[in-house]
Structure formats: structure tokens, C-alpha cells
Amino acid sequence: MSTDTDDTADGSTDADTDGSSGGHCSTPDSDGEVAEEIAIVSFERKWETAEEIKAEIGDRYDTIDLIEYHGEVFAEHWGEYDCFVGLMASGIAMRKTAPLLDDKWDDPAIVVVDEELTWAIPITGGHHGANQVADDLATMGAVPAMTTASEAADKQGVEKQAKALDAHVVNGDSTVATNLAVLDDELGPVERLDGPRAVVVDDDVTVLKRNGEDGVVLGTGSVSGAKAEQFETAWKSALEGTEYDLGDVDFVATGTRKEDEDGLLEAAAELDLGVVSFEKATLEEFEGPTPSRSKELIGWPGISEASAIAGGRDHELLSEKERYDEAVTVAVGR
């Protein structure tokens with residue numbers, strides 16, 4: 001599974017490249033990439049820019065507060081927010097927060113941005129909110145200067161896998177080893193184990209725990225260039241014939257040949273859904289019942305049904321594929 005992960009016949013998942021919900025980044029059980037409560041720390045002379053940031057991205061967070069800078073501002077509010085956005089020089093933020101840093105799983109994330117919104121630079125907590133906030137600031141024109149290894153290599157680290165699968169990392173210290181394995185393409189399958197069961201793991205095994213009950217998977221194929229609104233309409237329409245709604249969707253599943261569709265990724269981000277993409281070999285193991293032209297033309301099984309079946313815990317097709325607007329096909333798996 002890439003972009004976001006990959007299931008095998010026994011319910012395992014392969015991570016390859018580069019997904020919401022779940023706990024704050026300030027907790028050890030973090031699903032990574034999540035910031036819900038942020039504070040913008042700004043000098044008075046930059047207050048107008050701080051207000052612009054809040055107006056632009058404020059609706060994406062549970063809380064976004066504006067705090068005027070003074071020498072002890074970070075120490076005074078340390079632990080109250082998932083992420084600090086410092087509207088200031090990076091050196092100021094680094095000097096004032098360095099003595100406060102203790103553990104990456106407990107510390108708040110920190111991003112600095114300049115007054116002209118040219119750069120958004122995650123300083124700490126890249127996988128625990130800072131990269132997410134920098135991405136949001138990119139919608140205002142700032143360049144997100146991410147230096148976390150997996151993002152630099154355009155690969156999906158285990159924290160990002162957790163987010164896509166609506167899970168959280170239980171044993172944070174393990175991610176150093178497993179993310180190195182991701183960089184070397186040596187992580188191997190992420191096994192899914194259904195309980196009750198006891199598991200013994202070494203320090204270099206990352207354990208992901210689901211945040212909620214299992215729901216449904218939206219298996220999705222499309223023509224090239226399908227628009228975000230077409231994906232959203234198709235997903236909502238497919239669910240209308242079931243007892244589920246968007247709140248019950250675990251993630252959107254597709255094939256690796258469709259993982260870079262801008263419309264799909266945009267729609268998933270808008271609806272706060274993770275995206276999981278499966279390799280061709282995996283989809284062939286879970287081929288759906290409906291004949292597909294793609295198999296005749298390019299040798300791929302029908303992506304929507306196969307990915308819906310592969311992604312579900314029970315590998316069960318709840319709803320066969322339907323085509324919407326001659327652009328997007330959707331099947332529902334469970």
C-alpha cells in the first residue's frame with residue numbers, strides 16, 4: 001500500500017509513500033500530524049498578519065488563539081497548545097523554547113513564519129502538528145520548509161500512516177527505527193491483528209492502535225483529471241444506499257496508479273479522510289465481481305471494488321461499484 005498504505009490477503013498493510021482525527025500531538029498516544037489547538041505568538045507590530053492567519057485557517061482547528069510576544073510567553077503557555085506558530089525570526093523561537101523541550105511525544109510542535117508569509121518552517125514536532133500547520137499556511141502563499149526525513153524523501157512515515165488509518169502510535173520510541181526502514185524501503189507489511197490476542201514486540205516494532213470502531217471503506221477509481229467536487233458527490237451518493245455516512249468512513253482506498261489524482265486528494269482533505277493506495281498485486285487478490293474495462297485494456301482489476309474489499313477488515317463488498325458523472329467509480333467495503 002502506498003500513499004498512504006497497502007493490504008495483503010491476510011489483512012496486512014505495506015507502507016510506501018505518502019492522510020484524521022485522534023488525539024492531540026501533546027499526548028504519547030499520538031496519531032501524528034494532528035494539531036487541534038494552536039496559538040499564534042506575535043509581536044504587536046505584526047498583529048495584523050496574525051489576524052489574517054487566524055481568519056484564513058482558523059476554521060480548521062478547534063482553537064486558534066492570538067498571544068502577544070514577551071520573553072516568557074512560551075514558558076507561560078507551554079503544554080496548553082498542540083502547536084505554537086511563532087510570527088517572528090526562527091532564532092527567537094529557538095532560543096526561547098529550547099530550554100523547555102523534553103520529549104518529542106510530549107512537547108508541543110513549533111512553526112515559525114515571517115511577516116510576509118514567505119516561509120513556514122517547522123522547528124520541532126514535524127510529525128506531531130508542525131508539518132500540518134505549515135501545509136495550512138501554504139494556502140496563504142508560504143512555502144512549507146519541511147525537513148523531516150520521510151517528507152523530504154516523499155515517503156510516508158509511520159506517523160502519517162497512522163493518520164491515514166485513523167490510528168495512533170502506542171510506542172513512540174519505536175518510530176526512529178521504523179521510519180528509517182521506510183526510508184530504505186524495508187519496513188515490510190504492517191500486520192493487522194484482530195483480538196483478543198496478546199502480542200510481544202521488540203523496540204523497533206511500531207504499534208498502531210485504531211482510534212475508533214471499524215467503519216466502511218470507499219473504494220475509488222476515476223478518469224484522469226476528475227474534479228474534487230465529482231469525488232465528493234460520488235462518495236456521498238454511494239453512501240446514500242447504505243446505513244452509513246461520511247462519519248463512518250475509515251478511509252478512501254484506491255490503486256497506486258491513481259494515488260496522485262489531485263481531485264481525489266483535494267476531496268479527501270476537504271472531508272478529512274485518509275487515503276490508502278494499493279499495489280496492483282494486492283488488488284488482484286481482492287478482485288471484485290463486476291467486470292472491468294481496465295483489466296482488458298491495461299491489466300489492472302477494477303480499482304474501486306478491489307480496493308474497497310482489500311481495505312475492509314472483513315474484506316467484504318458492501319456495495320458494488322457505481323459510476324458517477326462519467327468520471328468517478330465508487331464501491332463500499334466493510
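Bear in mind that the values here come from a model prediction, so they are computed numbers and not experimental data. Keep in mind that the numbers below use all heavy atoms, side chains included, and drop hydrogens, waters and symmetry copies.
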A35 to Q132 - nearest heavy-atom pair and separation:
N-OE1, 2.5 Å
Classify the ring geometry between F84 and W78 as parallel (under 30°), tilted (30 to 60°) or perpendicular (over 60°).
parallel
Distance, nearest 0.5 Å, that separates CD of E285 from CD1 of I309
12.0 Å
I need the minimum non-hydrogen distance between C83 and I110, along with the two atoms involved.
SG-N, 4.4 Å
Do side-chain atoms of D114 reach the backbone of W119 as a donor and acceptor pair under 3.5 angstrom?
yes
Are D82 and Y61 close enough that a side-chain donor and a side-chain acceptor fall under 3.5 Å?
no
Euclidean distance, D248 CG relative to E243 CD, rounded to 0.5 Å
8.5 Å
Which pair of non-hydrogen atoms, one from L283 and one from A306, has the smallest distance, and what is that distance?
O-CB, 3.6 Å
Rounded to the nearest 0.5 Å, what's the gap from CZ on R60 to OG1 on T139? Could you check?
4.0 Å
Check: T290 main-chain N/O paired with E320 side-chain donor or acceptor under 3.5 Å:
no
Taking everything shown except M88 itself, do over 12 heavy atoms lie less than 6.0 Å from its CE?
yes
Determine whether V216 and T242 make a side-chain contact, defined as any pair of heavy atoms from C-beta on separated by less than 4.5 Å.
no
H315 (side chain) donor-acceptor with G312 (main chain) under 3.5 angstrom:
yes
For atom CD of E44, decide whether the heavy atoms of other residues, nucleotides or ligands shown that lie under 6.0 angstrom number more than 12.
no
How long is the span from the OG1 atom in T256 to the CH2 atom in W300, to the nearest 0.5 Å?
3.5 Å
Does the side chain of V111 reach to within under 4.5 Å of the side chain of L137, using non-hydrogen atoms?
yes
Is there a side chain to side chain contact (heavy atoms under 4.5 Å, CB included) between L218 and L239? Walk through the geometry before answering.
CA-CA 9 Å; L218 295 176; L239 290 168; 4.0 Å; yes
Pairwise side-chain contact, V223 with R323, heavy-atom cut-off 4.5 Å (strictly under):
yes
Quick check: are there more than 12 heavy atoms from other residues, nucleotides or ligands sitting under 6.0 Å from NZ of K46?
yes
Is there a side-chain contact between I303 and R257 in this structure, where contact means two heavy atoms from C-beta onward sitting under 4.5 Å apart?
yes
So if you build clusters from Ile, Leu, Val, Met, Phe, Trp, Tyr with side-chain heavy-atom gaps below 4.5 Å, do L318 and V249 land together?
yes
Are any non-hydrogen side-chain atoms of I53 and L117 less than 4.5 angstrom apart?
yes
Could you walk me through whether V328 and T220 pass the side chain to side chain contact (heavy atoms under 4.5 Å, CB included) test, one step at a time?
CA-CA 7 Å; V328 178; T220 302; 4.0 Å; yes
With a 4.5 Å limit on heavy-atom distance, are the side chains of L264 and T254 in contact?
yes
Test of understanding: clusters of I, L, V, M, F, W, Y form through side-chain heavy atoms closer than 4.5 Å, transitively. Do I92 and F74 belong to the same one?
yes
Interatomic spacing from CG in L265 to CZ in F231 - rounded to 0.5 Å
8.5 Å
Report the C-alpha separation of D102 and D107 in whole Å, then their side-chain angles, then the decisive distance to 0.1 Å, and conclude whether the side chain to side chain contact (heavy atoms under 4.5 Å, CB included) test is met.
CA-CA 7 Å; D102 180 42; D107 296 330; 3.9 Å; yes
Distance, nearest 0.5 Å, that separates CG of L246 from CG of L273
6.5 Å
Would a 4.5 Å heavy-atom cut-off, applied to side chains only, mark Y81 and I38 as touching?
no
D245 side chain to G247 backbone, donor-acceptor under 3.5 Å
yes
Does any part of the side chain of S222, heavy atoms only, come nearer than 4.5 Å to the side chain of E261, both counted from C-beta?
yes
Quick one: closest heavy-atom pair of A130 and P122, and the distance?
CB-CB, 3.6 Å
For L87 and A50, which heavy atoms make the closest approach, and how far apart are they?
CD2-N, 3.6 Å
Count the heavy atoms of every other residue, nucleotide or ligand shown that sit under 6.0 Å from CG of D203, and state whether that count exceeds 12.
no
What one should report as the nearest heavy-atom pair of A253 and S307 is O-OG, 3.3 Å
Does W47 share a hydrophobic cluster with V41, counting links as ILVMFWY side-chain heavy atoms below 4.5 Å and allowing steps through other members?
no
Go through D325 and T233 one step at a time and tell me if the side chain to side chain contact (heavy atoms under 4.5 Å, CB included) criterion holds.
CA-CA 9 Å; D325 204 18; T233 299; over 6 Å; no
Quick check: is V143 connected to V133 through a chain of hydrophobic side chains (ILVMFWY, heavy atoms under 4.5 Å apart)?
no
Considering residues, nucleotides and ligands other than D262, do more than 12 of their heavy atoms fall under 6.0 Å from its CG?
no
